[in-house]
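The structure appears below as structure tokens.
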Amino acid sequence: MGLPSEGANLSGDLMNATISVIAASLLLAAVMLGLYLRERQRRLQLGLKLEQAAQQMSIHLEHDRLTGLLTRSGFDVVLEKAVQKVDSSGGAFCVLYVALDNFGLLNDAFGQGIGDRLLKEVAERLTRCAELSTEACRITAGEFALIVNGGLAIGRSAAKSANSALTQPFRFEAIQTQVSCSIGIACYPEHGSRAKLLGHAALAMRSVKLNGGGDFCQYDLKMGLEVREQAVLVNDLRKALELGQFELFFQPKIDAISLQVTAAEALLRWHHPEHGLVSPVIFIPLAERYGLIGALGNWVIEEACRKAARWREHGLRMRVAVNISGYQMREDDLVERIESALQRSGLQPGRFTCEITESVAMEDTKVTQITFDKMRRAGFHVSIDDFGTGYSSLATLRRLPAAELKIDRAFVSDLEESEDARSIVKSIVSLAAALNLRVVAEGVETPGQCDLLVSMGCNELQGYLFSMPIPGDELERLALNNHRLKTVEFRQSLFATTLPTELDSSLH
Ligand code: C2E
Ligand code: CA
Ligand code: CA
């Protein structure tokens, strides 16, 4: 009887054990499921966070932190889309490369804080003015790029409005400043593939900069070469002074009545080892643009005074005239530099003429006014060059310490054919008479022009008719040998008394 009940107990135990195992397994499974679900939730959250961080990062990568504009890589994405659109549905778009002129100088002058605020405002103005622009980006410190939907005509009109928006004054508390910008335009598909477009717009911008900035132009095939050539030339220009490659040529000014040589104008020449004699029309704007004009201008002043002192030792006492650039007029020690060069060479200040172009003289800024006042006190002879090409205000002209107006060559060359040129010369002569100034005509090439100018009342004449610009030693040799050069005799006696009468007595 014991056996069956033992067997029943055994199967009951087995059942219990099975149930326990099943229960434990279920529990384990439930725990595992819970763990799995928690892990899945955690992973989902982690994924979401990662995605958010990635988005955030790409916003940072594609947007400039200072201005909020696109960065270069953001711009690439937008450029790609614009190219795809034109490729599939036709049309055109332009890339505008906008570079602030002299941003580095502004940053140095006002500090980085103001520089940053200026960049922010530039970005705002660019996005505000450009209803035409779809996207704007900041490429480097003071350089921006815009995409404008449409062909070249629309690109040019957008460049015009960007230019005028940026030239409005910027005000930051007590500081008020103005900037100018150079803009290059490249059009897709006309001006190259997507990879070259921004580079071509930048080349066009650089070509504007090399021509003085403050303007815009569209890309041209020749530009790559021009910009490279100019860059090489600027490099050579930096070394030219040290290597002694400059020389002053001189061109005489002749008194219309006595035919005496009243002055010799110093005209700078660059003997380039490969290109030969390079014209100042090419290298002076480069020297101004790249900050080399200060040193070059000082060399011209020193050399002109040195030559004039030598002439004087040989009995040639005409004035020496030097062209002073706008940049030099803004230097605060220009007059002092000239004075010390004059002292070193023993020349009278009245024998030194500063030729300042009408456009620079009429700038009428505080700095140029101060320089003019100092020139008056120093007793220099001041000549307003290229007269007739700018917009002279009589009031400003009256305030200047000028003794001479120099009629621009353009009017002289048209004199025989154009009634307009004749009336301009007549009115310059009467204006000069009213202000008690002498009139010099430059670029006189023919006896006909000479006769007309004399009959109209010009006091002095200068031009190829009398002499080309020649090296200083040659001018001296011709004068000392009483040489007859073209239409005037270069007799020593003709180089003598050339000062305005009121100064003569004090010097002889
Ligand atoms: P500018 O001051 O108006 O000088 C007159 C220019 O006309 C000179 O050109 C001269 O060689 C040229 N010229 C003189 N007579 C005649 C003529 O009868 N016919 C024609 N067709 N041309 C004549 P250049 O020497 O090439 O100088 C060009 C300009 O470069 C000057 O114009 C002046 O603005 C600038 N420059 C020259 N030397 C200096 C300098 O030392 N410093 C600065 N800042 N500028 C200079
Ligand atoms: Ca001149
Ligand atoms: Ca001229």
Side-chain angles (χ1 to χ4, degrees), residues 212 237 240-241 245-254 263-271 276-307 319-331 334 337-338 341 352-361 381-390 402 404-416 425 428 439-450 453 458 460-472 475 485-488:
L237 193 58
L241 202 54
Q245 293 171 349
F246 290 109
E247 184 181 3
L248 284 187
F249 275 30
F250 293 87
Q251 190 182 35
K253 296 184 190 178
I254 316 283
E265 178 183 0
L267 292 160
L268 191 53
R269 297 290 179 262
W270 177 15
H271 296 278
L277 214 58
V278 182
S279 161
V281 178
I282 292 177
F283 69 80
I284 297 275
L286 287 183
E288 285 177 339
R289 171 93 202 81
Y290 290 93
L292 307 169
I293 192 73
L296 198 53
N298 290 338
W299 181 85
V300 171
I301 292 166
E302 288 289 334
E303 181 65 8
C305 289
R306 208 175 59 81
K307 271 272 149 41
R319 247 182 261 121
V320 66
V322 164
N323 290 287
I324 304 286
S325 73
Y327 176 91
Q328 287 174 288
M329 286 299 286
R330 289 187 283 276
E331 286 177 331
L334 171 74
R337 275 177 191 278
I338 300 176
F352 187 90
T353 304
C354 299
E355 292 199 4
I356 298 147
T357 60
E358 183 188 18
S359 53
V360 170
H381 183 258
V382 173
S383 171
I384 309 298
D385 206 354
D386 294 350
F387 197 79
T389 52
E404 172 182 299
L405 298 183
K406 208 170 170 186
I407 301 175
D408 191 65
R409 197 167 77 215
F411 304 114
V412 176
S413 65
D414 288 352
L415 209 57
E416 289 169 287
V425 172
I428 294 176
V439 180
V440 181
E442 68 171 10
V444 185
E445 290 180 352
T446 68
Q449 290 166 353
C450 178
L453 289 161
C458 278
E460 290 176 36
L461 307 161
Q462 185 183 357
Y464 297 166
L465 179 66
F466 310 103
S467 166
M468 301 281 288
I470 48 178
L475 186 72
L485 192 96
K486 297 203 174 166
T487 50
V488 281

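Quick caveat: nothing in here was measured; it's all calculated off a predicted structure. Both counts, for ligands and for their atoms, begin at 1 and track the order of listing.
Among all protein heavy atoms, the one lying closest to atom 22 (N) of ligand 1 is Tyr464 OH, 3.2 Å. If you check which protein heavy atom lies closest to atom 27 (O) of ligand 1, you get Pro280 CG, 3.4 Å. The protein heavy-atom contact nearest to atom 32 (O) of ligand 1 is Leu267 CD2, 4.9 Å. Counting protein heavy atoms only, atom 12 (C) of ligand 1 is closest to Arg409 NH1, 3.4 Å. Atom 20 (C) of ligand 1 has Glu445 OE2, 3.2 Å as its closest protein atom, hydrogens excluded (heavy atom only).
Counting only heavy atoms from C-beta outward, the side chains of Val278 and Leu237 never approach each other to under 4.5 Å. Side-chain contact between Cys305 and Val320 is absent, with no heavy atoms from C-beta onward closer than 4.5 Å. At least one side-chain heavy atom of Ile284 sits under 4.5 Å from a side-chain heavy atom of Glu288. The closest side-chain heavy-atom distance from Pro280 to Arg269 is below 4.5 Å. The shortest side-chain heavy-atom distance between Leu268 and Trp299 falls under the 4.5 Å cut-off. Side-chain contact between Gln462 and Phe466 is absent, with no heavy-atom pair separated by less than 4.5 Å. By the 4.5 Å heavy-atom criterion applied to side chains, Val444 and Gln449 are counted as neighbours. A heavy-atom distance below 4.5 Å is not found between the side chains of Tyr290 and Pro285.
Residue nearest to atom 25 (O) of ligand 1, selected from Glu288, Glu303, Gln251, Arg269: Arg269 (by heavy-atom distance).
Closest N/O/S atom of Glu442 to the Ca ion (ligand 3): OE2. The nearest N/O/S atom of Asp386 to the Ca ion (ligand 3) is OD1.
By the definition of a contact as any protein heavy atom under 4.0 Å away, atom 30 (O) of ligand 1 is in contact. Less than 4.0 angstrom separates atom 15 (N) of ligand 1 from at least one non-hydrogen atom of the protein.
With a 4.0 Å cut-off on non-hydrogen atoms, Asn323 touches ligand 1 through its backbone as well as its side chain. At a heavy-atom distance under 4.0 Å, only side-chain atoms of Asp386, from C-beta outward, approach ligand 1. The backbone and the side chain of Leu268 each have at least one atom closer than 4.0 Å to an atom of ligand 1 (non-hydrogen atoms only).
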*For Lys307 and Leu248, what are the C-alpha separation, side-chain angles and deciding distance, and is it a side-chain contact (heavy atoms from CB on, under 4.5 Å)?*
CA-CA 9 Å; Lys307 271 272 149 41; Leu248 284 187; 5.9 Å; no
_Chi angles and distances behind the side-chain hydrogen bond (donor to acceptor under 3.5 Å, both in side chains) call for Asn323, Glu265_ = CA-CA 8 Å; Asn323 290 287; Glu265 178 183 0; 2.9 Å; yes
*Under the side-chain contact (heavy atoms from CB on, under 4.5 Å) criterion, do Ile301 and Gln328 qualify, and how do the steps go?*
CA-CA 11 Å; Ile301 292 166; Gln328 287 174 288; 4.1 Å; yes
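Using the six-membered ring where Trp is involved, Phe283 and Trp270 have ring planes that are perpendicular, over 60° apart on the 30 and 60° scheme.
Taking 3.0 Å as the criterion, Thr357 does not count as a coordinating residue of the Ca ion (ligand 2), since none of its N, O or S atoms falls below it. Among the atoms of Glu355, an N, O or S atom falls under 3.0 Å from the Ca ion (ligand 2).
Shortest non-hydrogen contact noted between Val412 and Ala441 is CG2-CB, 4.1 Å. When all heavy atoms of Ser467 and Gln251 are compared, the pair lying nearest together is O-NE2, 3.0 Å.
Contact atoms of ligand 1 toward Val300: 41 (O) (distance under 4.0 Å to a heavy atom of the residue). Ligand-side atoms of ligand 1 in range of Glu265: 2 (O), 4 (O), range being under 4.0 angstrom from any heavy atom. Numbered from 1 in the order shown, with element, the atoms of ligand 1 that lie under 4.0 Å from a heavy atom of Ser325 read 44 (N). With ligand atoms numbered from 1 in the order given, ligand 1 contributes 2 (O) to contacts under 4.0 Å with heavy atoms of Asp385. Distances below 4.0 Å separate heavy atoms of Glu442 from the following atoms of ligand 1: 3 (O), 5 (C). Distances below 4.0 Å separate heavy atoms of Gly463 from the following atoms of ligand 1: 15 (N), 18 (O). Annotation for ligand 1: atoms under 4.0 Å from non-hydrogen atoms of Pro469 are 11 (O). Near Val281, the atoms of ligand 1 lying under 4.0 angstrom from a non-hydrogen atom of the residue are 28 (C).
A distance of 9.5 Å separates CD1 in Ile407 from CD in Glu442, rounded to the nearest 0.5 Å.
In terms of polar-atom proximity, Leu248 is not counted as a contact of ligand 1, lacking any N or O under 3.5 Å from an N or O of the ligand. Where the criterion is an N or O separation shorter than 3.5 Å, residue side chain and backbone included, Gln328 fails it with respect to ligand 1. Not a single N or O atom of Gln462, backbone or side chain, sits closer than 3.5 Å to an N or O atom of ligand 1.
Checking Thr353 against Glu404 by side-chain atom types alone, no donor-acceptor pair falls below 3.5 Å.
Angle subtended at the Ca ion (ligand 2) by Asp385 OD2 and Glu265 OE2: 170°, rounded to 10 degrees.
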